[in-house]
4 protein chains.
Amino acid sequence: MTLDRPRRPRSARAHDAVLTATSALMREDGITAITIDRIAARSGVSTATIYKHWPCKAAIIAEAFGRDTAEVVALPDTGRPIDDLVTYATDLLTHYTSSEGALFAQLLAACATEPQAAPYFHEFFLMPRRAAVEPFWDRAAEAGLTRPGVDAAAATDVLLGALVFRLMSGHGSLSPDEVRKLVDHALHGLLAPAPADPASTGTQPHGRRLRT
Amino acid sequence: MTLDRPRRPRSARAHDAVLTATSALMREDGITAITIDRIAARSGVSTATIYKHWPCKAAIIAEAFGRDTAEVVALPDTGRPIDDLVTYATDLLTHYTSSEGALFAQLLAACATEPQAAPYFHEFFLMPRRAAVEPFWDRAAEAGLTRPGVDAAAATDVLLGALVFRLMSGHGSLSPDEVRKLVDHALHGLLAPAPADPASTGTQPHGRRLRT
Amino acid sequence: MTLDRPRRPRSARAHDAVLTATSALMREDGITAITIDRIAARSGVSTATIYKHWPCKAAIIAEAFGRDTAEVVALPDTGRPIDDLVTYATDLLTHYTSSEGALFAQLLAACATEPQAAPYFHEFFLMPRRAAVEPFWDRAAEAGLTRPGVDAAAATDVLLGALVFRLMSGHGSLSPDEVRKLVDHALHGLLAPAPADPASTGTQPHGRRLRT
Amino acid sequence: MTLDRPRRPRSARAHDAVLTATSALMREDGITAITIDRIAARSGVSTATIYKHWPCKAAIIAEAFGRDTAEVVALPDTGRPIDDLVTYATDLLTHYTSSEGALFAQLLAACATEPQAAPYFHEFFLMPRRAAVEPFWDRAAEAGLTRPGVDAAAATDVLLGALVFRLMSGHGSLSPDEVRKLVDHALHGLLAPAPADPASTGTQPHGRRLRT
DNA sequence: TCATAAGCGAGACGGTACGTCTCGTCTTGGG
DNA sequence: CCCAAGACGAGACGTACCGTCTCGCTTATGA
């Protein structure tokens, strides 16, 4: 617990210890069971020191969660941007279907409850994730594969949004089928495409294209 | 405080008084400032009685919020379903852009934190709202105006999802332009419509399945 | 729980049921665990009815305890009054050394806390007990075996007092030896008998100064 | 409420503040009216801190009462031990005849109800009091003025016992005459002194039988 | 080199909300 | 008219956690 040699450069040590302890606690007992005192006890960092590094509990959690999450879902690169996007989106949502999703939901809840944590969530979770996919969406946009006006920010929010909503409220299924449906809806829209030629059939061929 | 005549049919009286007090408190000071004790003081209902009616604070809030929200946004009916949907979706998201959205976000946070509240959120907020728009989506589906597989549940989640995400995490703008963009993306999809030639990849199915 | 037959002559039935239930509860879980609600549930008598019969919980307990205690310790009658007194006193204190003593202590505590119970304690416990031993002390007094001024009331209080004190505060041993010591001290006094010759101390016969 | 300079040495400050507040409350409204919350409000010490210092309410009261009682009744020292004992005993019982006695009774009741308080009662009230009189009884014993086997503990219990009993149950008079009677009985015994000639009764000298 | 200032662990503290408990009153509805 | 059933207001209870603070020690830097 008390290393001897390099004593003063503690700031970084304490910082790391807190994040590590927080990660451990949140996997073990869930975010709701996390308390500053438990983090302090687990990390060996005193509560006072913790409060010198972060403004509130949710900020710690946001940073810890963001650090852990560094690319849990790989970005494929097959050269077929649309396929890659579909794969990535499906993988991403599927990943948050697991217990990781519950953590994510509780992290978001903490952010909403403690507004001071928002910047931490932004910096340590959202931005890194978005930066990773941004070039991807950019390339897709350049290739004319995305709708006009679609950028990484909007895309992420629309893609994750429905899942977030369901995770938060606990309603709605998160079965693989549902996840695929949500991804499909987000990527291709809720409404039928405006018929290019108004003379087509009422129901149209996309039925085949979309159904699972 | 002590009404005289009809004394025993109090259950309903207490119930209403609590919901009314909760609504008032949540408009005045926000959801985070709500306390069971404050609800008790404001409503004249004792904490013990409150806990006999609801399992936790978030359940009360969910019911109160749901009761208040009964159709704050009107469903237009111009006979042009697509226009109506667009109008409704835009109005809905715009409505949650106001302070009402902050309440909504904190309600969701409370639901995620206290799982016992989820059924209340479901019953008193989500279901009534969804029931209101359901026939609308059904009619649109019958008219072939929605993509196959789109139902009221998925539609609501995808439409509201991005907004919910932004409200919860505090990131992202909620300006009218952004709202319009989110609505547009949700309704029409993130990806550009599939090109006319379907002969792209023979390897995997989702290219065909998904590409509009 | 819901007997049907004899409905009106309830008063006596309810009274008895309450006392019986209270006795049972107090043997099972101790007096501190007794609740009006538990008595009501156990006896099938409603709380409202209970409050019509007794002013407070301690009153019920006092009556129940008194009813149960009817002569648990026998009064010997060997014809040798002093021996009988010694036997009785020792038996009495020994009896209250058991778990019955703890009940007794808690009953007294309840009486001190809820003054309304005192008359019940007096009527249903103290008086019957005292009435039983009174003729005994009277006879002893007539035979000149007790000190002048000693009556049943004072005798009981002095005899039981030390035990009560120890039971209440939890201090002091209640081993057989200690009990015998307390009985001995109470019966024969703390001070050594005044020496036969009154000329011992210059300060005069305290015996006279104090006696009554 | 918020003193500035000497901040951390609060433990003692809080401790004292609680005891002082408790003393005040108990003189003003009686022990039954004491609440942890009232003590907290009066003393400026939070309930949580209070519970870190004492296990229950009765423990606080016991300590506060003991602290206040530090020798309210003086021990005379005339050189005539018997007289001193008589004076002291009478003064002591008389003192507890006042409202102080009611407090004492309720303190004992609290001790019986909350067993965790017993050690506090023992340490802060009983022991100091007993320690004060102990040398006195010892000297009397050495001088052969007390009955064999009488020590400070037994003496205190027998002397106070009857009073305690009457205080607790509310029965029996506590007039000066009665007090004197109780003191007399305790000091000199309930039974008449054994006749000088041991050959009196066939049942053998109970004096010897019982003594020790 | 040594003093100063800062960082730290430990943990007490004030504050506040929690959810439970019990009391004693009250009302309903059935007999 | 009485009663069981039990809802209710009141409010104390003991616990939990937060975020601040003080203490006393350790260590890095600047005079």
Side-chain angles (χ1 to χ4, degrees), chain A residues 1-2 4-11 13-14 34-38 40-41 43-57 114, chain B residues 1-2 4-14 33-38 40-41 43-53 55-57, chain C residues 1-5 7-11 13-14 34-38 40-41 43-52 54-57 114, chain D residues 1-2 4-15 33-38 40-41 43-53 55-57:
Chain A
M1 194 64 67
T2 45
D4 290 4
R5 250 19 63 203
R7 209 48 181 285
R8 198 45 9 185
R10 180 57 190 258
S11 202
R13 281 215 309 136
I34 290 186
T35 45
I36 294 286
D37 282 341
R38 290 189 71 195
S43 66
V45 176
S46 77
T47 63
T49 303
I50 292 176
Y51 278 106
K52 275 173 198 149
H53 287 247
W54 294 274
C56 63
K57 191 172 55 175
E114 305 173 57
Chain B
M1 194 67 64
T2 46
D4 292 2
R5 251 12 65 196
R7 209 49 178 284
R8 196 46 13 183
R10 179 56 190 261
S11 203
R13 281 214 310 134
I34 289 186
T35 301
I36 294 284
D37 282 340
R38 289 189 71 197
S43 65
V45 176
S46 75
T47 63
T49 301
I50 292 176
Y51 278 106
K52 275 176 196 145
H53 287 247
C56 65
K57 194 172 54 175
Chain C
M1 194 67 64
T2 46
L3 278 190
D4 292 9
R5 253 22 62 201
R7 208 49 184 276
R8 193 36 24 123
R10 183 58 193 249
S11 204
R13 281 214 310 134
I34 290 186
T35 306
I36 294 285
D37 282 342
R38 289 190 71 195
S43 65
V45 176
S46 77
T47 62
T49 304
I50 292 176
Y51 279 107
K52 275 175 199 147
W54 294 273
C56 64
K57 192 173 53 176
E114 305 173 58
Chain D
M1 195 67 65
T2 46
D4 290 5
R5 254 7 69 195
R7 210 48 180 284
R8 194 46 15 179
R10 179 56 190 261
S11 203
R13 282 213 310 135
H15 203 92
I34 289 186
T35 301
I36 294 284
D37 282 340
R38 289 190 72 196
S43 65
V45 175
S46 76
T47 63
T49 302
I50 292 176
Y51 279 107
K52 277 172 197 150
H53 287 246
C56 64
K57 195 171 52 175

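Labels below follow one simple rule: chain letters A, B, ... track the order of the sequence lines, proteins then strands, and each chain is numbered from 1. Since we're looking at a predicted model, the values are computed, not measured. Heavy-atom basis, side chains included; hydrogens, waters and symmetry copies ignored.
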A:T49: partners by side-chain contact (heavy atoms from CB on, under 4.5 Å), with sequence neighbours left out: A:A14, A:V45, A:S46, A:H53
Nearest-0.5 Å distance that lies between atom CZ in C:R13 and atom OG in C:S43: 10.5 Å
Distance, rounded to the nearest Å, where C:I50 contributes CD1 and F:dA4 contributes P: 9 Å
Atom pair distance, as rounded to whole Å: CH2 in A:W54 and P in F:dC18: 15 Å
Atom pair NZ (A:K57) and CD1 (A:I50), whose distance is rounded to the nearest 0.5 Å: 11.5 Å
Below 4.0 Å: OP1/OP2 of F:dG9 and any side-chain N or O of B:T49: yes
Check: B:T35 side chain, B:R38 main-chain N or O, donor-acceptor pair, under 3.5 Å: no
Exercise: identify the closest heavy-atom pair between A:C56 and A:E114: CB-OE1, 3.0 Å
Bending between helix ends of the helix from E:dT1-F:dA31 to E:dG31-F:dC1 [5 pairs per end, 10° resolution]: 10°
Summary of protein contacts for nucleotides 17-23 of chain E, nucleotide by nucleotide, where a base hit scores B, a sugar-phosphate-only hit scores S (4.0 Å, heavy atoms): SSBBBSS
Nearest-nucleotide pick for A:S46, side chain only, options being E:dA10, F:dC8, E:dC8: E:dA10
Distance below 4.0 Å between B:H53 side-chain N/O and F:dA7 OP1 or OP2: no
